[in-house]
Asks: 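The structure's right below; bear with me while I get my questions together.
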2 protein chains.
Amino acid sequence: MDKIPERTKSETKTAAILKGAMKEFLKNGYAATSMDKVAKSAGVSKATVYSHFGDKEKLFNALIQDLVKDKFQTVMGLEQPQSLEQDPKIVLSAIMSKMLDNAQSDRSFRDFMRIIIGESGRFPELAKAYVANVAKPTIEILTKYLKSHPTLKLEDPEATVRVMMGTMVYFVMLQEMMHGKDVVPLEGDRVIQTLTDLISRN
Amino acid sequence: MDKIPERTKSETKTAAILKGAMKEFLKNGYAATSMDKVAKSAGVSKATVYSHFGDKEKLFNALIQDLVKDKFQTVMGLEQPQSLEQDPKIVLSAIMSKMLDNAQSDRSFRDFMRIIIGESGRFPELAKAYVANVAKPTIEILTKYLKSHPTLKLEDPEATVRVMMGTMVYFVMLQEMMHGKDVVPLEGDRVIQTLTDLISRN
DNA sequence: GTCTATACATCGATAGAC
DNA sequence: GTCTATCGATGTATAGAC
């Protein structure tokens, strides 16, 4: 019996559809992406897309949940226990530099953030999934670090983490996503430096 | 001659169309909003919408530019010369509390931010208009205050303003727009307090 | 399971009467 | 200027052959 090849074949199509859906949804958004575009981009017929995912909304949900899972893996991969002996200035600015590099080099990451925010009104469950599986773990990892470090005596580590993340997210959003680079130029290093100094009190 | 009544009538229709367009575009986004919806919501025929604005893209551009102009007025209204004698802690936390209240009470403001970000890939000029006419003036007003205050000795006021705005924007975005209130609850006052302490160094 | 062909609704945009 | 009626294109979704 060739049940295994059949299943493998099917999973290959599923993956191809998700790949095509990712390309199109991230590029055009939900409403402007047609199932024809997805099918074409995936190299399958439209009927195959429907037989695998039911309808457009289910496909979109499946794709975003997939991407959220992917970002979760990325976040968890960064939880190498931060050395508590190192100067927090160095550790913090290294973390934020990495965040910045990622966001600036990965165009599909910015498209992903755009769609999560842009569709958060019509797809609240997807935004919640992002918060629960990406933002929350990131916040917790950073909070744990700020709390456990011996020389950092912060009054409110949880709130301080929001300051850190907000600063970085807003910077990327304004400069890169909203094309503010030319209108309100600013060096990312200055923001990181300022934030680090504020938190570790020079 | 009744030229004036005619023009008035025409301007009334234009305003009605923009009002209907605002309601529909903010609710559904660009692609999911049909010209039929706009016409119905405005109480006019579809042909009238086209005769006033040419096509869908021009209507969307006109509407967003209108809203940007409106937010610009709001920002400029807040430029009452901040007293330099008052404790910056009080001034800063008052400013941020006001920002927070606005964002939390005004639902259409959050819809506006959502659409600016969500469409910033396909309508970069609109995002740029927002940055130039809303974000930039806000940044400049706050920078001017931080620079001119006698007891605040900040190394980099421009970058510090980004920290402030990023913190507030990210907080509203995560808690309200992305429905994080239940998943990652946090009191807004704690964030404001923390930020104020960091900047004015307790 | 996957395809082609197609049903049926809705889209953006316009013609023509008034 | 504003309307009704309608065009052709395109949308989601499915039927039926293989």
Side-chain angles (χ1 to χ4, degrees), chain A residues 1-64 115 118-119 122-123 126, chain B residues 1-64 115 118-119 122-123 126:
Chain A
M1 284 187 213
D2 40 14
K3 270 184 182 172
I4 291 160
E6 273 182 356
R7 187 144 52 93
T8 301
K9 204 172 179 182
S10 177
E11 283 169 0
T12 297
K13 294 250 174 194
T14 302
I17 294 168
L18 281 172
K19 193 176 167 188
M22 177 166 72
K23 188 185 167 210
E24 296 302 324
F25 279 126
L26 287 185
K27 183 168 67 186
N28 310 308
Y30 176 76
T33 297
S34 69
M35 294 298 258
D36 288 271
K37 279 182 192 162
V38 171
K40 196 169 196 174
S41 182
V44 301
S45 77
K46 196 163 51 167
T48 300
V49 176
Y50 276 94
S51 80
H52 278 245
F53 290 96
D55 61 20
K56 185 182 175 181
E57 204 171 310
K58 287 198 186 78
L59 172 61
F60 184 63
N61 270 279
L63 168 71
I64 299 294
I115 211 167
E119 304 293 351
R122 290 166 293 276
F123 293 91
L126 297 183
Chain B
M1 284 186 212
D2 40 14
K3 269 185 184 174
I4 290 159
E6 274 182 352
R7 184 144 53 93
T8 301
K9 203 173 182 181
S10 177
E11 281 169 2
T12 296
K13 295 253 173 192
T14 302
I17 294 168
L18 281 172
K19 194 178 167 187
M22 177 167 69
K23 189 186 166 209
E24 297 301 325
F25 279 126
L26 287 184
K27 183 166 68 187
N28 309 309
Y30 177 77
T33 296
S34 68
M35 294 298 261
D36 287 271
K37 279 182 191 162
V38 171
K40 196 170 196 174
S41 182
V44 300
S45 76
K46 194 161 57 165
T48 300
V49 177
Y50 276 94
S51 80
H52 279 244
F53 290 96
D55 61 21
K56 186 183 175 182
E57 204 170 310
K58 287 198 185 77
L59 171 60
F60 184 63
N61 270 280
L63 168 71
I64 299 293
I115 211 166
E119 305 293 351
R122 288 167 292 278
F123 292 91
L126 297 183

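A, B, ... follow the sequence lines: proteins, then strands. Residue 1 opens every chain.
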Asks: Which nucleotide, dG12(C), dT12(D), dT2(C), lies nearest any side-chain atom of Ser51(A)?
Replies: dT2(C)
Asks: Is there a side-chain contact between Phe60(A) and Leu126(A), using heavy atoms and a 4.5 Å cut-off?
Replies: yes
Asks: Quickly work out the Phe53(B) CZ to dG12(C) P distance and round it to whole Å.
Replies: 16 Å
Asks: Using whole Å, report how far NZ of Lys46(B) lies from C1' of dC3(D).
Replies: 13 Å
Asks: Counting only side-chain heavy atoms from C-beta out, which of dT12(D), dT2(D), dC3(C) sits nearest to Ser45(A)?
Replies: dC3(C)
Asks: Once you round it to whole Å, what is the distance between C1' of dT10(D) and NZ of Lys56(B)?
Replies: 13 Å
Asks: Which nucleotide sits closest to the side chain of Ser34(A): dA13(D), dC3(C), dG11(D)?
Replies: dG11(D)
Asks: Going by heavy atoms in the side chains, are Ile17(A) and Phe53(A) under 4.5 Å from each other?
Replies: yes
Asks: When the distance from NE2 of His52(B) to P of dT14(C) is rounded to whole Å, what number comes out?
Replies: 16 Å
Asks: Expressed in angstrom and rounded to an integer, what is the separation of Met35(B) atom CE from dG8(D) atom P?
Replies: 21 Å
Asks: With sugar-phosphate meaning primed atoms plus P, OP1 and OP2, does Asp55(B) contact a base, only sugar-phosphate, or nothing at under 4.0 Å between heavy atoms?
Replies: sugar-phosphate
Asks: Is any side-chain N or O of Lys13(A) under 3.5 Å from a base N or O of dG1(C), one able to act as donor and the other as acceptor?
Replies: no
Asks: Flag the pair Phe123(A) / Ile115(A) as yes when at least one side-chain heavy-atom distance between them is below 4.5 Å, and no otherwise.
Replies: no
Asks: Provide, to the nearest angstrom, the distance between the CD1 atom belonging to Ile17(B) and the C1' atom belonging to dG1(D).
Replies: 11 Å
Asks: Any side-chain N or O of Tyr50(A) less than 4.0 Å from the OP1 or OP2 oxygen of dT14(D)?
Replies: no
Asks: The side chain of Ala47(A) is closest to which nucleotide in this list: dT14(D), dT12(D), dC11(C)?
Replies: dT14(D)
Asks: Mind checking whether Lys56(B) and Phe25(B) have side chains closer than 4.5 Å, heavy atoms only?
Replies: yes
Asks: In the structure I gave you, are the side-chain heavy atoms of Arg122(A) and Glu119(A) within less than 4.5 Å of one another anywhere?
Replies: yes
Asks: Lys40(A) has an atom NZ; how far is it from atom C1' of dG11(D), in whole Å?
Replies: 15 Å
Asks: Just the rounded figure in Å: distance from C1' of dT12(D) to CD of Glu57(A).
Replies: 12 Å
